[in-house]
Amino acid sequence: EKGGYPHFMLKEIHEEPDAVRRCLSPRIRNGHIELNISGLPDEALAKTERIHIVACGTAMHAGLVGRYAIESLARVPVEVDIASEFRYRNPILGKNDLVVLISQSGETADTLAALRLAKEHGIRTLAIVNVPGSSIAREADDVLYTWAGPEIAVASTKAYLVQLAVLYLVAVKLASLHETLSAKEESALCKELLEIPEKIQEAVESEPAVLECAQKLKDAQHVFFIGRGVDYTLCMESSLKLKEVSYIHCEAYAAGELKHGTISLIEQGTPVIAVATQPALYPKTVSNLEEVKARGADVMLVCGKDANVEADLAANVLRVPNVHDVLAPMAAIVPLQLLAYHIAVLRGCDVDKPRNLAKSVTVE
Ligand code: F6R
């Protein structure tokens, strides 16, 4: 059942290229995005003035990437909420808003409650869900399935990738309807999206370099992840994944925020992983990396293939395949998922079933 892999988590990471292909290719035709969402006509998306993405855990982290994509491509404002916060903060919802619920299982209690709250306010709801026929899929006005197939490991990996894929489709579709992208730009992005599964495959094949990093980190007591912009959201997801499966305490920090307090925790040998996939922010993140290095941190860097990395900046550099800047998270998260997996294995943890956790959280 594990298809020759020692754990479901590793099997599911290896399934990512196919899952993303299955999710994207039927929805891209002749340089256009075709969503065919049940009942959500293009006119409804066209008049959407604001989006609220509501989810928990990894699905919420996918939403954070979605915010960067939608805001940068379509210039539609997006708020991202943790479902258990959203439902109790009396959120301000406008009649032309769209509430997007993201959930692998489609059964998460707080996300389902947030969906019901939006419906009570008469706000249109769109579910991005993996499990067919699940509660969130049934109750939302419209559904975009992620089609990743079953995810067995408690730690979510391939489901996050397909959630990103769907969010990119929504972002490009919105941008075309809001005319912030020309037809030519839309078709260029569609082409890039169709090439993404190969890039993810390339990232999966970086496993030997990842294993070397895992060996170094396996006895760590704390790990810091730093990044800016969308890379910061990847830090949040990587940090969650690593602490979830390996029980190492981790923190994700916006790189520029470190010096406002947290840098006091950096001492000789503290592992710091910087994620810097965005060329425009690269020099800024590097200067934060130099600050922690000067305080003794052991530095690893995740960056693009073409980044011009100074020779002694980082002890380990994980290079991710070249992709369009906006789409970079889909390739960059893969080595970080593999890193969490391998560290957990080296520490002898129960990778597929971490302590205290359940795959589907149906209580609030
Ligand atoms: C982390 C993880 C959880 C889930 C969260 C939401 O690896 O799996 O954080 O992402 O419990 O679950 P769904 O997506 O089923 O609503």
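Side-chain atoms are counted along with the backbone in the values below, which use heavy atoms only and exclude waters and symmetry mates. Whatever order the structure lists ligands and atoms in, that order sets their numbers, starting from 1.
Ranking the protein heavy atoms by distance from atom 11 (O) of ligand 1 puts Val361 CG2, 4.2 Å first. The single protein non-hydrogen atom nearest to atom 10 (O) of ligand 1 is Thr58 N, 3.1 Å, given as residue, atom name and distance. Nearest protein neighbour of atom 14 (O) of ligand 1, counting heavy atoms only, is Gln104 N, 2.6 Å.
Of all atoms in ligand 1, numbered sequentially from 1 with element shown, those under 4.0 Å from a heavy atom of Val154 are 8 (O). Counting the atoms of ligand 1 from 1 in the order shown, those under 4.0 Å from a heavy atom of Ser103 are 13 (P), 14 (O), 15 (O), 16 (O). The atoms of ligand 1 that sit less than 4.0 Å from any heavy atom of Ala59 are 10 (O), 14 (O). Atoms of ligand 1 found under 4.0 Å from any heavy atom of Gly57 (numbered from 1 in listed order, with element): 9 (O). The Lys241 neighbourhood of ligand 1 comprises atoms 1 (C), 7 (O), with distances under 4.0 Å to a heavy atom of that residue. Using a 4.0 Å cut-off to heavy atoms of Ala155, the atoms of ligand 1 that qualify are 7 (O).
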Assess whether side chain to side chain donor-acceptor pair (under 3.5 Å) is satisfied between His342 and Gln215, documenting all intermediate values.
CA-CA 8 Å; His342 283 295; Gln215 293 283 3; over 6 Å; no
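For atom 7 (O) of ligand 1, the choice among Glu244, Gln163, Glu107, Glu237 with the nearest heavy atom turns out to be Glu244. Of the candidates Cys56, Gly106, Ser105, it is Ser105 that places a heavy atom closest to atom 15 (O) of ligand 1.
Checked by atom type, the side-chain pair Thr58/Glu237 shows a donor-acceptor distance below 3.5 Å. Side-chain polar atoms of Glu151 and Ser156 form a donor-acceptor pair below 3.5 angstrom. Gln278 and Asp325 share no side-chain donor-acceptor pair at under 3.5 Å.
Side chain of Asp110 to main chain of Ala83: no donor-acceptor pair is present (N/O by atom type, distance under 3.5 Å, no hydrogens or angles). Under a 3.5 Å cut-off, the side chain of Lys284 and the backbone N or O of Gly256 do not form any donor-acceptor pair.
Hydrophobic clustering (ILVMFWY, side-chain heavy atoms < 4.5 Å, transitive): Val76 and Leu164 are in one cluster. Note on Tyr282: it clusters hydrophobically with Val299, by side-chain heavy-atom contacts below 4.5 Å among ILVMFWY residues.
Checking only distances, Lys359 never comes within under 3.5 Å of ligand 1, N or O to N or O. On a distance-only criterion, Thr108 and ligand 1 share at least one N/O pair closer than 3.5 Å.
Ring centroids of Tyr160 and His61 are separated by 6.0 Å or more, keeping the two rings apart.
Aromatic ring pairs are classed by plane angle as parallel below 30°, tilted from 30° to 60° and perpendicular above 60°; the pair His52 and Phe86 is tilted.
For His61, the heavy-atom gap to ligand 1 stays at 4.0 angstrom or more.
Under 4.0 angstrom from ligand 1, there are no non-hydrogen atoms of Met60.
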